[in-house]
S.K.: 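Below is the structure I would like to discuss, written out as C-alpha cells.
Residue numbers start from 1 in every chain, and the chains themselves are labelled A, B, ... in the order their sequence lines are given, proteins ahead of strands.
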Amino acid sequence: MIYKEIPDFDIAKIADSGQCFRMNPLPSGGYSVIAFGRYLEVRDLGSGRHSFSCTEEEFDTIWADYFDLDSDYSEIASMIPPDDRFLKAALAYGHGMRLLRQDPWETMVSFILSQRKNIPAIKASVEALCTRYGEEAACNQITYRSFPTAERLTGIGCEDLRTCSLGYRDKYVAEAARQFEAGQIRFDELEKAGFDAAKSSLKGMYGIGDKVADCILLFGLGYKNAFPEDTWIKKILEKEYAGHFPKERYDGHLGMVQQYMFYYARSAEYRMLAPLNS
DNA sequence: TGCCAGGCTTCAC
DNA sequence: GTGAAGCATGGC
C-alpha cells in the first residue's frame, strides 16, 4: 500500500465517467480497478490524499500513466469564453476527472461492443467476456480475471461470443481478434501514424465507425484531440451550441473537453435544467 | 411496456 | 454522397 497526494483526482468521477468498464466501487469503500492484467484498489482519504494498493514501482510504471497524472487540465478553463455557461458548469461538475490511458486492445473491444448499449450493459458484457475467456489471476488473496487477449478470442465462434450479450456485435469482435492476430492491426504503428492516418485505419475495420474510432484513439492510443460524438454529445451540441461547437478553440484538449461534456450531460443535476447557453 | 443506449452496415437512390 | 432501415440486448 502506498499513499499519494494528488490534486485534481476524483476516483468516483473517473469510475463513473464511461471511459472504462472495469472500475467499480468496493463494499468497504474505495474502488477496484482491473487493467493491464493488474488489480488495484484506490481509496480517497480526503484532502487530496489517496491510497493505492500497489508498490511505488508499479505505480510509476503502470498507474501514473494510466491515470494520466502528468497532464494538467487547468488550462482548459482559461479557454472557455465567458458566455459559455454550459462548459463552465461542466468543468466544475467534472473537476477531478482524468483522461485514462488504457490498453488499446481492451479499449478497442470494449468500444466495439459499446454501440447501442448503455454503460451498465457494456460493463456487464465486458465482465462476461472476462469471466468466460479471461485468465485468472490473484492479488493480495483477491482473485480476478484479466481482459481476454486477442489470441484467446481468435477462433471462438460467434455463437459462443454471443453468450456474453454481444448481440449483433459478435462478428465485429471476432473479426477484430482475427485481424489483430494476423498482424493486420498494430497499435504501436497506430500510435505513431498521426491522427488522420490512425483513424482511417481503424475505420477500415469491420464494426468500427467514426465514434468508436475516436474512442479508441482517445482512450487507448493517446490522441488527446479526438472528440467522440455519441448520442449524448450530439444532443448537447444541438441543445447548447445549435450544432456549432467551436472545436478549434480547444485544440489539443478536445478529448478532455468532450469528457467533461459527456459526464455533465448525463448527470441528474444537468438534466433537470433548461439549456444554459440559450 | 416502450424508449433508449458512448453506432454501424447495408442498401436504395 | 446521403438517408433510411435493420440490428440484439438490457437498463430504466
S.K.: Rounded off to whole Å, could you give me the CE-to-P distance for the A/Met205 and B/dT9 pair?
M.R.: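 Going from A/Met205 (CE) to B/dT9 (P), I get 11 Å.
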S.K.: Please list, in numerical order, the residues of residues 109-122 of chain A that have a heavy atom closer than 4.0 Å to any atom of DNA chain C.
M.R.: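 Output list: A/Arg116, A/Asn118, A/Pro120.
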S.K.: Please state how far atom CE in A/Met108 lies from atom P in B/dC8, giving the value in whole angstrom units.
M.R.: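 Checked: the CE to P distance equals 13 Å.
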S.K.: Rounded to whole Å, how long is the line connecting atom CG of A/Asp210 with atom P of C/dG1?
M.R.: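 Nearest whole value for this atom pair: 13 Å.
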S.K.: Would you check if the side chain of A/Asn225 reaches a backbone N or O of A/Leu254 as a donor-acceptor pair within less than 3.5 Å?
M.R.: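 A pair under 3.5 Å: yes.
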S.K.: Using the C1' atom as the point on both nucleotides, what is the distance between C/dG10 and B/dT9, in whole Å?
M.R.: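 Per the computed distance, 22 Å lies between those C1' atoms.
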S.K.: Counting any heavy atom closer than 4.0 Å, what does A/Phe219 reach on the DNA or RNA strands: base, sugar-phosphate only, or nothing?
M.R.: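 It contacts base atoms.
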S.K.: When you measure from the side-chain N and O atoms of A/Ser165 to the phosphate of C/dT9, is any distance below 4.0 Å, counting only OP1 and OP2?
M.R.: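 No, no such contact exists.
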S.K.: How far, in whole Å, is C/dC7 from B/dT1 if one measures between their P atoms?
M.R.: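 It comes out at 22 Å once rounded to the nearest Å.
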S.K.: Using a distance-only criterion (donor-acceptor N/O pair, under 3.5 Å, no hydrogens), is the base of B/dG7 paired with the side chain of A/Tyr168?
M.R.: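 Yes, a donor-acceptor pair under 3.5 Å.
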S.K.: Please determine, by modelled atom types, if A/Glu41 and A/Tyr39 share a side-chain donor-acceptor pair under 3.5 angstrom.
M.R.: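 A/Glu41 vs A/Tyr39: donor-acceptor pair found between side chains.
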S.K.: Among A/Arg98, A/Lys224, A/Arg101, find the residue that satisfies the side chain to side chain donor-acceptor pair (under 3.5 Å) test when tested with A/Ser71.
M.R.: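 Result: among A/Arg98, A/Lys224, A/Arg101, A/Lys224 is the only option passing the side chain to side chain donor-acceptor pair (under 3.5 Å) with A/Ser71.
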S.K.: Is there a donor-acceptor pair closer than 3.5 Å between any side-chain N or O of A/Arg49 and the backbone N or O of A/Glu5?
M.R.: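 Between the backbone of A/Glu5 and the side chain of A/Arg49 there is no qualifying donor-acceptor contact (under 3.5 Å).
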S.K.: Between A/Tyr264 and A/Tyr270, how do the two ring planes meet: parallel, tilted or perpendicular, split at 30° and 60°?
M.R.: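 A/Tyr264 and A/Tyr270: tilted rings.
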S.K.: When the distance from CZ of A/Arg266 to C1' of B/dA5 is rounded to whole Å, what number comes out?
M.R.: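 Answer to the nearest Å: 10 Å.
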S.K.: Of all the nucleotides listed (B/dA5, B/dG7, B/dT10), which has the minimum atom distance to the side chain of A/Tyr206?
M.R.: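 Nucleotide nearest to A/Tyr206's side chain: B/dT10.
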S.K.: Can you see if the side chain of A/Lys235 gets near the phosphate of B/dA5 - specifically, an N or O under 4.0 Å from OP1 or OP2?
M.R.: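 Looking at the OP1 and OP2 atoms of B/dA5, one of them is under 4.0 Å from a side-chain N or O of A/Lys235.
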S.K.: What does A/Leu166 touch in the nucleic acid at a heavy-atom separation under 4.0 angstrom: a base, only the sugar-phosphate, or nothing?
M.R.: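 Here A/Leu166 touches no strand at all.
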S.K.: Could you check whether A/Gly18 gets within reach of a base, just the sugar-phosphate, or nothing at all, counting any heavy atom under 4.0 Å?
M.R.: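 Base contact - A/Gly18 has a heavy atom under 4.0 Å of at least one base atom.
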S.K.: Whole angstrom is fine here: how far is it from NZ in A/Lys211 over to C1' in B/dC8?
M.R.: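 In whole Å, B/dC8 C1' lies 12 Å from A/Lys211 NZ.
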S.K.: Sticking with atom P, work out how far C/dC12 lies from B/dG7, rounded to a whole angstrom.
M.R.: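 The same atom, P, in both gives a distance of 16 Å.
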S.K.: Name the orientation class of the two ring planes belonging to A/Tyr263 and A/Tyr93 (parallel below 30°, tilted from 30 to 60°, perpendicular beyond 60°).
M.R.: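 A/Tyr263 and A/Tyr93: tilted rings.
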S.K.: So, A/Tyr31 and A/Asp44: side-chain donor and acceptor under 3.5 Å apart, yes or no?
M.R.: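 On atom types as modelled, these side chains do not qualify, holding no pair under 3.5 Å.
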S.K.: What is the distance from CD1 of A/Ile208 to P of B/dT10, rounded to the nearest Å?
M.R.: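 One finds 14 Å between P of B/dT10 and CD1 of A/Ile208, rounded.
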S.K.: With ring-ring contact (aromatic ring centres under 6.0 Å, His included) as the test, would you mind laying out the steps for A/Phe111 and A/Phe21 before giving the verdict?
M.R.: CA-CA 10 Å; A/Phe111 281 94; A/Phe21 306 107; 5.3 Å; yes
S.K.: Please report the distance, rounded to the nearest Å, between CZ in A/Arg169 and C1' in B/dC8.
M.R.: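 The answer, rounded to whole Å, is 10 Å.
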S.K.: When the distance from CH2 of A/Trp232 to P of B/dG7 is rounded to whole Å, what number comes out?
M.R.: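 Checked: the CH2 to P distance equals 11 Å.
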S.K.: Looking for any heavy atom pair under 4.0 Å, which part of the strands does A/Ser17 touch: base, sugar-phosphate only, or nothing?
M.R.: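 A/Ser17: base contact, heavy atoms under 4.0 Å.
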